[in-house]
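As the structure is a computational prediction, the values presented were derived from the model and not from experiment.
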Amino acid sequence: MATPCPRLTLLALSAALCASACTGEFQHDVGVEAWRQGHPEVAAKHYAKACDKGYGDSCYNLALLEFEGDGVPQDDAAAYEHFERACAPTDLDACYYVAMLAGEGRGTARDDAHANVLLNMGCERAHALSCELYGVRIHDGLGVQADPARGREMVDRACELGGEQSCNQAGILHWRADDLVRADIFFARGCERDEDPTACFNLANGQGLPKSPEQIEALLAKACELGEPDACTASDPE
């Protein structure tokens with residue numbers, strides 16, 4: 001008769017190592033609880049065990065810790081390996097990270113084709129970050145023939161899908177195309193909807209939409225409050 005897996009207790013969490021008979025799901029749950037309690041190094045051990053049992057969510061969580069150096073040494077190669085193990089049509093976040101690292105040659109040999117295939121898959125499934133990065137790559141001709149107009153369309157879509165900083169990126173690409181009005185429209189969306197400090201700062205400095213001195217000052221103050229240091233300097237009194 002198999003020995004039952006131990007129940008998770010807060011007191012034993014930091015030292016508990018589940019027996020090999022425990023399922024990947026149990027290991028994953030222990031890891032999540034350890035992370036919530038501020039023990040990423042313990043979480044990483046349990047995520048690794050669950051990942052080895054084929055539990056994709058744990059592979060992704062472990063990869064994030066490795067990518068950020070949270071509780072484990074920062075390691076792009078290990079992060080890439082675990083993001084790749086998690087990557088599937090049902091985990092587009094993992095595929096996005098695989099594409100980003102492959103496209104930059106971080107933790108693996110640079111592979112523009114692999115990056116673009118994954119980003120295209122993600123964008124077709126309405127994954128905002130995939131649309132944004134794929135649009136930038138198409139705009140700049142990274143692994144594909146450069147097509148700035150199509151690239152802008154894809155980043156515009158990322159903004160529409162709710163990408164956290166995608167509206168600001170869309171504004172930048174329209175600004176680079178000298179479409180200052182459209183640039184400001186996207187900066188405004190990023191500032192108002194997403195509270196993106198860079199978008200607020202860019203809107204304050206944009207020349208596409210008319211703004212009063214009071215509106216510019218308010219935008220700079222908002223950008224500063226949200227964490228854009230350049231806005232704080234710009235909004236300082238003379």
Walk me through it: do Asn202 and Trp175 pass the test side-chain contact (heavy atoms from CB on, under 4.5 Å)?
CA-CA 10 Å; Asn202 288 339; Trp175 177 81; over 6 Å; no
Any donor-acceptor N/O pair, Asn205 side chain to Phe201 backbone, under 3.5 Å
yes
Criterion side-chain contact (heavy atoms from CB on, under 4.5 Å) on Arg182 and Asp156, from CA distance to verdict:
CA-CA 10 Å; Arg182 196 159 177 77; Asp156 290 355; 3.5 Å; yes
Arg157 side chain vs Gly135 backbone, donor-acceptor pair below 3.5 Å:
no
Consider only side-chain heavy atoms of I, L, V, M, F, W and Y, link residues closer than 4.5 Å, and tell whether Leu142 and Leu119 are in one cluster.
no
Examine Tyr80 and Leu64 and state if one hydrophobic cluster contains both, with Ile, Leu, Val, Met, Phe, Trp and Tyr joined whenever side-chain heavy atoms are less than 4.5 Å apart.
yes
State whether a side-chain donor-acceptor pair under 3.5 Å links Gln145 with Asp147.
no
Heavy-atom pair with the smallest gap, counting every atom of Gly190 and Ala199:
C-CB, 3.8 Å
Determine the minimum heavy-atom distance between Leu161 and Ala128, stating which atoms define it.
CB-CB, 3.8 Å
Are Glu33 and Gln37 close enough that a side-chain donor and a side-chain acceptor fall under 3.5 Å?
yes
Going from CZ on Arg137 to CE on Met154, what distance comes out if it is rounded to the nearest 0.5 angstrom?
12.0 Å
Indicate yes or no for a side-chain donor-acceptor contact from Lys211 to the backbone of Leu203 under 3.5 Å, with no hydrogens or angles considered.
yes
Check this for me, if you would: do Asp112 and Arg110 make a salt bridge, where the nitrogen-to-carboxylate-oxygen distance has to be below 4.0 angstrom?
yes
Min side-chain heavy-atom separation Val98-His114 under 4.5 Å:
yes
Are Met100 and Phe83 joined in one hydrophobic group, where the rule is that I, L, V, M, F, W and Y side chains link up if heavy atoms are under 4.5 Å apart?
yes
To the nearest 0.5 Å, how far apart are NZ in Lys45 and CG in Leu62?
13.0 Å
Quick one: do Asp140 and Arg176 make a salt bridge, cutoff under 4.0 Å?
yes
Grab the two heavy atoms, one from Glu132 and one from Ser166, that are nearest each other, plus how far apart they are.
OE1-OG, 2.6 Å
Would you say that Tyr60 contacts Tyr47 through its side chain, given a criterion of any heavy-atom pair below 4.5 Å between the two side chains?
no
Taking the side chain as everything from C-beta on, heavy atoms only, tell me whether Glu66 gets closer than 4.5 Å to Gln74.
no
Ile138 to Val144 - nearest heavy-atom pair and separation:
CA-CG2, 3.8 Å
Looking at CD1 of Ile185 and SG of Cys159, how far apart are the two atoms once the value is rounded to the nearest 0.5 Å?
11.0 Å
Residue pair His139, Val155: steps toward the side-chain contact (heavy atoms from CB on, under 4.5 Å) verdict
CA-CA 9 Å; His139 183 279; Val155 180; over 6 Å; no
Over 12 non-hydrogen atoms of neighbours within 6.0 angstrom of CD in Glu25
no
Of all the heavy-atom pairs spanning Leu226 and Pro197, show the shortest one and how long it is.
CB-CB, 3.6 Å
According to the interplanar angle, ranging from 0 to 90°, do the rings of His174 and Phe186 count as parallel (below 30°), tilted (30 to 60°) or perpendicular (above 60°)?
parallel
Say whether, by atom type as modelled, one donor and one acceptor occur between the side chain of Asp75 and the main chain of Ala77 under 3.5 angstrom.
yes
Val30 with Tyr55, same ILVMFWY side-chain cluster at under 4.5 Å:
no
Flag side-chain contact, heavy atom, 4.5 Å: His46 against Val32
no
Decide side-chain contact (heavy atoms from CB on, under 4.5 Å) for Lys49 and Phe26; before the verdict, give the C-alpha distance in whole Å, the side-chain angles of both, and the deciding distance to 0.1 Å.
CA-CA 10 Å; Lys49 289 177 180 291; Phe26 181 91; over 6 Å; no
Tell me whether the count of non-hydrogen atoms from other residues, nucleotides or ligands lying under 6.0 Å of CD in Gln207 goes above 12.
no
Output the distance between atom CG (Asp184) and atom CZ (Phe187), rounded to the nearest 0.5 Å.
7.0 Å
Gap between atom CG of Leu92 and atom CD of Glu124 - 0.5 Å precision:
11.0 Å
Is a side-chain N or O of Glu104 found less than 3.5 angstrom from the main chain of Leu101, in a donor-acceptor match?
no
CG (Leu133) and SG (Cys123) are apart, to the nearest 0.5 Å, by 10.5 Å
Is the CD atom of Glu68 crowded by more than 12 outside heavy atoms at less than 6.0 Å?
yes
Are the side chains of Cys200 and Glu228 in contact, using a 4.5 Å heavy-atom criterion?
no
For the backbone of Cys191 and the side chain of Lys222, can you confirm whether one donor and one acceptor N or O come within less than 3.5 Å of each other?
yes
Would you check if the side chain of His127 reaches a backbone N or O of Ser130 as a donor-acceptor pair within less than 3.5 Å?
yes
Exercise: identify the closest heavy-atom pair between Cys167 and Asp194:
SG-OD2, 3.8 Å
Same apolar cluster: Tyr97 and Met121, side chain cutoff 4.5 Å
yes
Please evaluate residues Arg152 and Asp179 with respect to the criterion salt bridge (charged side-chain N to carboxylate O under 4.0 Å, His left out), reporting the C-alpha separation (whole Å), side-chain torsions for both, the decisive distance (0.1 Å), and the verdict.
CA-CA 11 Å; Arg152 287 192 296 272; Asp179 189 343; over 6 Å; no
Quick test of your reading of the model: are Asp196 and Arg189 salt-bridged, counting only N-O distances below 4.0 Å?
no
Would the number of heavy atoms belonging to other residues, nucleotides or ligands and lying under 6.0 Å from CD of Glu160 be above 12?
yes
Donor-acceptor pair, Asp76 side chain versus Gly107 backbone, under 3.5 Å?
no
